2 protein chains.
Amino acid sequence: METSDVPVGVADVSITDSKPNPPAPTNTASMLPPCRVCGEKASGFHYGANTCEACKGFFRRSLKKKGEYKCVNNKDCNIGPGKRNGCPKCRYKICLDIGMSKEGKYNDSI
Amino acid sequence: METSDVPVGVADVSITDSKPNPPAPTNTASMLPPCRVCGEKASGFHYGANTCEACKGFFRRSLKKKGEYKCVNNKDCNIGPGKRNGCPKCRYKICLDIGMSKEGKYNDSI
DNA sequence: CAATCAGGTCACGAGGTCAG
DNA sequence: CTGACCTCGTGACCTGATTG
């Protein structure tokens, strides 16, 4: 059911900065949907979901400590762009909600 | 010899770094610009501004007590290298003037 | 062989600590 | 109260493994 996330066709490439594309012109990350956790720019498919590097690393760290967080406000914190570090527990909860798991590569048995 | 009696804080408000750049801009704190508050050697980016360890700790403490200081001279005190402890209120004022805040980097305020 | 992802690495900053 | 030092989470980058 993840197929709806893929934007079909090269819509726009708003590369307006002074950086050319010397190597592979396959700007993959630039056409990905935003991170499912925090809404920032995703860097790829990680642990079964489109996430940014930050949330990818966060989830990996969370697996090690088994998600033993405590909510800062004892309620559902607002996780979004620019405020993803407010509450680790609620951030981790979103990770689980969107189906992130240890086996995420080509094994989407969710 | 450093700058004499020139108050460093209100000098310029050139906050030019609001964008996460991929490569490391500089090596270490040894080549950072001086502390925007007191003019001493900065130790890094703290709460949204280049400050020394002293002013970083001071600002953190100030946040807790909500900046409830009273000016020593009832006017704008001269904050500079070697005389940063003269008046907490005016020191805190400079912190706010240069844009220091809880949400300097990625943190959020709920 | 090229593209992609899991996991590792490490510099950086927030917040805590405590002697002075 | 001050400020030098400490710990820990964060996230950008790197590397190896795996896949088509």
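Proteins get letters first, then strands, A, B, ... in listed order; numbering begins at 1 in each. Computed from a prediction, not measured in an experiment: that's the story for all the values here.
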Query raised in the report: If we only count heavy atoms from C-beta on, is the A:S62 to A:F58 side-chain gap below 4.5 Å?
Result: yes
Query raised in the report: Do A:Y92 and A:V37 come within less than 4.5 Å of each other through their side chains, counting heavy atoms only?
Result: no
**Report entry** Rounded interatomic separation in angstrom, taking CE from B:M100 and C1' from C:dG15
**Finding:** 13 Å
Requested in this report: Using whole Å, report how far CZ of A:R60 lies from C1' of C:dG7.
Outcome: 5 Å
Query - Distance-only donor-acceptor test (3.5 Å): side chain A:K65, base D:dG9 - result: no
Query raised in the report: Does a side-chain N or O from A:R91 land closer than 4.0 Å to OP1 or OP2 of D:dG11, or not?
Result: yes
**Report entry** Check: A:R60 and A:Y47 side chains under 4.5 Å, non-hydrogen atoms
**Finding:** yes
Query raised in the report: Taking NE2 from B:H46 and P from D:dC5, how many angstroms apart are they, rounded to a whole number?
Result: 13 Å
Query raised in the report: Please give, in whole Å, the distance from D:dT18 C1' to A:F45 CZ?
Result: 17 Å
Requested in this report: Let me know the distance between CD of A:E53 and P of C:dT9, rounded to the nearest Å.
Outcome: 16 Å
Query raised in the report: Please give, in whole Å, the distance from D:dC1 P to B:Y69 OH?
Result: 7 Å
Query raised in the report: Looking at C:dG15, does its base get a donor-acceptor pair with the side chain of B:K56 below 3.5 Å?
Result: yes
Requested in this report: Figure out the CZ/P separation between B:F59 and C:dG13, and round it to whole Å.
Outcome: 16 Å
Report summary line: Per atom distances to the B:K102 side chain, the nearest of D:dG11, C:dG15, C:dC5 is C:dG15
Query raised in the report: Between D:dA12, C:dA14, C:dG16, which one does the side chain of A:A54 approach most closely?
Result: D:dA12
Query raised in the report: Is there side-chain contact between B:K93 and B:I79, with heavy atoms separated by less than 4.5 Å?
Result: no
Query raised in the report: Side chains of B:N85 and B:R91: does their closest heavy-atom pair fall under 4.5 Å?
Result: yes
Requested in this report: Could you state the atom-to-atom distance from CZ of B:F58 to P of C:dG15 in whole Å?
Outcome: 16 Å
Query raised in the report: Can you find a donor-acceptor pair, distance only, under 3.5 Å between B:R61 side chain and D:dG3 base?
Result: yes
Query raised in the report: Distance check: side-chain N/O of B:K41 vs OP1/OP2 of D:dA4, anything under 4.0 Å?
Result: no
